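Report on the structure given below.
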There are 2 protein chains.
Amino acid sequence: MAIAASPATGPHMRRLARREQTIEEALDTAVLIMEEAGVGGLSMSEMARRLGMRQPSLYKYFPSLHGVYDALFARGLARSYAAVQAAAEPLPAGVARIRGGARALIRWAVQNPALAQLLFWRPVPGFTPTEATFATSEQQMRWLGAEFAEAVRLGHLRPDAGSVEALRLFTVLLSGVVSQQMANQPGVGYDTGVFSSLTDTALDMFFARYTNPGGPDADPRP
Amino acid sequence: MAIAASPATGPHMRRLARREQTIEEALDTAVLIMEEAGVGGLSMSEMARRLGMRQPSLYKYFPSLHGVYDALFARGLARSYAAVQAAAEPLPAGVARIRGGARALIRWAVQNPALAQLLFWRPVPGFTPTEATFATSEQQMRWLGAEFAEAVRLGHLRPDAGSVEALRLFTVLLSGVVSQQMANQPGVGYDTGVFSSLTDTALDMFFARYTNPGGPDADPRP
DNA sequence: GTCTATATGTTGATAGAC
DNA sequence: GTCTATCAACATATAGAC
């Protein structure tokens, strides 16, 4: 592996890094366009125009417009996942961690409406993400399932909170808050949005349903 | 008023009816296109093509593409409202009626994905419905608020169910079910969809939160 | 990797004959 | 109300010179 000296800083790697940087810059621009013109309003021409580049040059970085969407989808997944993990990891396992992750996801979605729409809805006709990028999505769901199982094991939630139905109901809540906030108050921040402010109430409602009446440490019936 | 004989069947009215019929047919076609190509995939050209008409002729019926979207928005509002009312009206006032209306709305949304997306999300960049059509939307919300107030009066729900927060939380649930169903299982029916099947569970969860522990007839605290 | 040039297609909308 | 003709933009994508 490390035969050549400092391969990560050699001219080849520098060139690769430069290329990566251009791609990142192009995706930044794409996000700006989508925030102005809608997710469906993205075009190679407008991207090139804003990048000070001719439109055909963009095809050296992306194979097609679909390729751009796919890269944006992957970026959205990675960033939302990172935001959730960064918020959830330091918290104690169980409902506290789940709550923190949910808050972080909704906050991220409200702050990144274009990418969030691409992930939560399917606004681009004929666009389906690549299998590879879609795998990240399933990873996120597996993580959430594991956290629910842990919350059950800790006695925070009743055993039926580990069912797929409970997990789906949880995603319904998150999706609902995000959808209502973005559709009815676009451009309004997380803290002032009338729907994003309902996040904790919605989570309370959900956890109350899956908590034993006797409290967090009550014995689940055998 | 009724000076001329049978004005509703005279030649003038017949002509008007014919015009209305053409417009309805055009909107039917528009819905089909949106279901195939996405809400943003609608175009005057494709509409005219399928109607066996030249594209400029369509401008005799709609002032612009935005005008078509506005008519579709109005149609979606009217039909969803009608579906909700038809299901809710025969039911006894209170939670039963609210539950029936919610079920009907989600069923309608799943069965009419294109119009539902136009109503629930804002997928068309730069399109905002006319004030007149938007008024219908507020009418629907006022009806829902009145039903909640009635449920509180009947003792079905706690007084705080009449708050705007509770009402918003309710719409979050409906929006969440619809969004998840349409995004993750497009084309799957209401009865077999894994998310639309959660409708009753979600409503149970909501009503449980706003019900007194002692049961529907327990005294609300003074 | 950048550019020019170009093929090829689409769209929304208007003017004006019949 | 229908049509033809047309305008002016806009788009994706490719070929090939430098």
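Values in this document were obtained by computation on a predicted structure and should not be read as measured data. Lettering of chains follows the sequences in order, A, B, ..., and the numbering in each one begins at 1.
The side chain of B:Arg49 sits closest to C:dT11 out of D:dT2, D:dA13, C:dT11. Of the candidates C:dT11, D:dA11, C:dT4, the closest approach to any side-chain atom of B:Ser43 belongs to C:dT11. Listed nucleotides: C:dT14, C:dG1, D:dA13. Nearest to the side chain of A:Ser64: D:dA13. Taking only side-chain atoms of B:Arg19, from C-beta outward, the nucleotide of D:dT12, C:dT11, D:dG1 with the closest atom is D:dG1. Comparing atom distances between the B:Pro56 side chain and each of D:dA5, D:dT14, D:dG1 picks out D:dA5 as nearest.
Note: CE (B:Met47) to C1' (C:dG12) measures 13 Å, nearest angstrom. A straight line from OH of B:Tyr59 to P of C:dA15 spans 13 Å, rounded to a whole angstrom. Distance, A:Arg54 CZ to D:dC10 C1': 16 Å, rounded to whole Å. Per the geometry, CZ belonging to A:Phe62 stands 16 Å off C1' belonging to D:dA13, to the nearest Å. One can place CE of B:Met44 at 13 Å from P of D:dT2, the figure rounded to the nearest angstrom. Protein atom CG of A:Leu42 is 16 Å distant from nucleotide atom P of D:dC10, rounded to whole Å. Residue B:Lys60 contributes atom NZ, which lies 11 Å from atom P of C:dA15 at whole-angstrom precision. The nearest whole Å value for the distance from the CD1 atom in A:Ile33 to the P atom in D:dC10 is 14 Å.
Around atom CZ of A:Phe134, no more than 12 heavy atoms belonging to other residues, nucleotides or ligands sit under 6.0 Å away.
Not a single donor-acceptor pair under 3.5 Å links the side chain of B:Arg168 to the backbone N or O of A:Phe195. Panel note: side chain B:Thr22, backbone B:Arg18; a donor-acceptor pair is recorded below 3.5 Å. B:Glu35 places no side-chain N or O within donor-acceptor distance of the main-chain N or O of B:Ala114, the cut-off being under 3.5 Å. No donor-acceptor pair under 3.5 Å is formed between the side chain of A:Ser175 and the backbone N or O of A:Val172.
Aromatic ring orientation, A:Phe148 versus A:Phe170: perpendicular (interplanar angle above 60°, classes split at 30° and 60°). Ring pair A:Phe127/A:His66 is perpendicular by interplanar angle, where above 60° counts as perpendicular and below 30° as parallel.
Electrostatic pairing of B:Asp204 and B:Arg99 counts as a salt bridge here, judged by a charged N lying under 4.0 Å from a carboxylate O.
D:dC10 and C:dT8: their P atoms are spaced 22 Å apart (whole Å).
Under 3.5 Å, the side chain of A:Gln55 and the base of D:dA11 form no donor-acceptor pair of N or O atoms.
At the phosphate of C:dT2, OP1 or OP2 sits under 4.0 Å from a side-chain N or O atom of A:Tyr61. Checking the phosphate oxygens (OP1, OP2) of D:dT12, a side-chain nitrogen or oxygen of A:Ser45 falls inside 4.0 Å. Distances shown here put every side-chain N or O of B:Ser57 at or beyond 4.0 Å from the OP1 or OP2 atom of D:dG1.
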For DNA chain C, the expected dot-bracket line (Watson-Crick or G-U under 3.5 Å, [ ] crossing, | inter-strand) is |||||||.||||||||||
